[in-house]
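Note that this is a predicted model, so its numbers are computed, not measured. Only this structure's heavy atoms are used, side chains among them; waters, hydrogens and symmetry mates stay out. Numbers restart at 1 for each chain; the letters A, B, ... are given by sequence-line order, proteins then strands.
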There are 2 protein chains.
Amino acid sequence: MLRPKSIPESTVRRMSLYLRSLQEAQDAGMASISSDELAERGGTTSAQVRKDLSFFGSFGKRGFGYPVRELIGAIRDILGLDHTWRVALVGAGRIGSALFGYEDFQRRGFHIRAVFDSDPAKVGQAWGGLTVRSDAEMETALREGEIEIVIIAVPAEAAQRVVDRVVRAGVRAVLNFAPARLRAPESVALRTVDMSTEMESLAFALNNS
Amino acid sequence: MLRPKSIPESTVRRMSLYLRSLQEAQDAGMASISSDELAERGGTTSAQVRKDLSFFGSFGKRGFGYPVRELIGAIRDILGLDHTWRVALVGAGRIGSALFGYEDFQRRGFHIRAVFDSDPAKVGQAWGGLTVRSDAEMETALREGEIEIVIIAVPAEAAQRVVDRVVRAGVRAVLNFAPARLRAPESVALRTVDMSTEMESLAFALNNS
DNA sequence: GGATGTGAATGTCTTCACAGCT
DNA sequence: AGCTGTGAAGACATTCACATCC
């Protein structure tokens, strides 16, 4: 599934939001929806909605709007949600535990298949149907489990080492929750959720309004 | 502390990262640092570093670089980290619990002073030195505690209602962890950490490389 | 000499506005 | 008539390149 042009990251993120809005619209029994309505629900403008969708094709009917059911299917395909993804979690602390139980991941097809930690006290614990494994087994287990996405929830000091190891084990997508800027090869998709930076951005906003 | 021009949000976020890099540099005993070195550590370019800093003033010496200690102080002032912030957490579930224990918040001056939940089974529980309070008390407690920032960690369906209530109680900054697009008045700073969207952005990247 | 600070150039994203389809 | 799809314009952010100053 190769795309003609390079798609803005901001567009991809909005696609994810549109999908949510569309599912709500479907639950409300709507069969079609206009770019105006979709913009309203997604917190953007109708022109933005149309432009975003146009990166991927023509999904609407002029004078009518977009068919909800079909558009949901199209966006699911675009985002790669037409199948489930094999995910591993590294770090079985408080944040790891919260992410493990996060139902939205499950619901959207991101299935956590393995959990690793370096703390001997945690290794062997039963988590849901899984057993927390030693991080020494990580590389082998990632390969055997054909893990596609790794979530990092370890302390900042340990995070870069984990990235290096999972990349060497063939993983090409990483979601990092450690407050550190990590390096990975171009070929690896890496996103960092930096909660302290978000808080500081709020502090700045409060001081400047 | 009113800023001359409007500062790009991306610049503010990078300031937060520079601060981290500077603190590391200080711990490593460095007294001065060039925009090149700062860029290297912060994952950006030296021109970007200089441009970002120039929004706020001139902190460097030509031919020399930036004095680490002074620049740390300046950025802390800019971001509003020169004092602590009074924070409340709404939602005492798994994610709320992880955030409550997140040491980086504490370290950076974001002190959680109150926790609320609507579940009677949770109300009254001791969390650290605090007691989980009923969400019925929320408005009063926010005002009495002079809470400046609220973290939302409730289910998506409940999130908008919480925003509306805390805004009416005078709170002007909200960090939302619920997977929902929330509405707030212009005058309120609202950031959403959307973990499912991050995962979907990774899925898209994997499908398109 | 060497690295900052910054206008100018470039690149990227968003908004406009309307032709074109249904 | 109504709403999409899209070039063109505009706004915004990043990068370049160099005069400036320590």
Practice item. Can you tell me the distance, in whole Å, between the CG atom of A:Leu53 and the P atom of C:dT14? Key: 14 Å
Check your understanding: How many Å lie between CD1 on A:Ile7 and P on C:dT14, as a whole number?
Key -> 13 Å
Exercise for review: Mark up nucleotides 15-22 of chain D, 5' to 3', with B wherever a protein heavy atom is under 4.0 angstrom from a base atom, S wherever such an atom reaches only the sugar-phosphate, and - elsewhere.
Suggested key: BBB-BBBB
Revision key, fill the gap. Rounded to whole Å, the CG-P distance (A:Asp36 to D:dG2) equals 13 Å
Check your understanding: Do B:Met15 and B:Phe55 come close enough that some side-chain heavy atom pair is under 4.5 Å?
Key -> no
**Study point:** Carboxylate-amine/guanidinium contact B:Arg13 A:Asp194, below 4.0 Å
**Key:** no
Practice item. Can you tell me the distance, in whole Å, between the CG atom of B:Asp52 and the C1' atom of D:dC12? Key: 14 Å
Point to revise | Selected nucleotide, minimal atom distance to B:Ser34 side chain, candidates C:dT4, D:dA13, C:dT6 | key: C:dT4
Practice item. Compare side-chain N and O positions of B:Ser10 against OP1 and OP2 of D:dT14 and report whether any pair is under 4.0 Å apart. Key: yes
Practice item. Determine whether the side chains of A:Gln23 and A:Asp27 contain a donor N or O and an acceptor N or O closer than 3.5 Å. Key: no
Point to revise | Mutual orientation of the aromatic rings belonging to B:Trp85 and B:Phe110 [parallel < 30°, tilted 30-60°, perpendicular > 60°] | key: parallel
Check your understanding: Given B:Thr140 and B:Glu137, is the side chain to side chain donor-acceptor pair (under 3.5 Å) satisfied, shown in steps?
Key -> CA-CA 6 Å; B:Thr140 327; B:Glu137 307 174 42; over 6 Å; no
Point to revise | Length of the line joining B:Leu71:CG and C:dA3:P, which is rounded to integer Å | key: 17 Å
Study note, to complete from the structure: Here the distance between atom P of C:dA3 and atom CG of B:Leu38, to the nearest Å, is 14 Å
Check your understanding: When the distance from OH of B:Tyr66 to P of C:dG2 is rounded to whole Å, what number comes out?
Key -> 18 Å
Point to revise | Nearest-Å distance for atom pair CZ/P, residues A:Arg13 and C:dT14 | key: 12 Å
Check your understanding: Within less than 4.0 Å of OP1 or OP2 of D:dC3, is there a side-chain N or O belonging to A:Ser35?
Key -> no
Check your understanding: Parallel, tilted or perpendicular: which fits the ring planes of A:Phe105 and A:Tyr102, with parallel below 30° and perpendicular above 60°?
Key -> perpendicular
Review point. Can B:Glu24 and B:Arg20 be counted as an ion pair, charged N to O under 4.0 angstrom?
Key: no
Point to revise | A:Ser58 side-chain N/O to D:dT4 phosphate OP1/OP2 under 4.0 Å | key: no
Exercise for review: Output yes when A:Glu200 and B:Arg191 qualify as a salt bridge under the 4.0 Å nitrogen-oxygen rule, no when they do not.
Suggested key: no
Review point. Do NZ/NE/NH1/NH2 and the carboxylate oxygens of B:Asp104 and B:Arg107 come within less than 4.0 Å?
Key: yes
Exercise for review: Find the bend of the helix from C:dG1-D:dC22 to C:dT22-D:dA1 as the angle between its two terminal axes (five pairs each), to the nearest 10°.
Suggested key: 10°
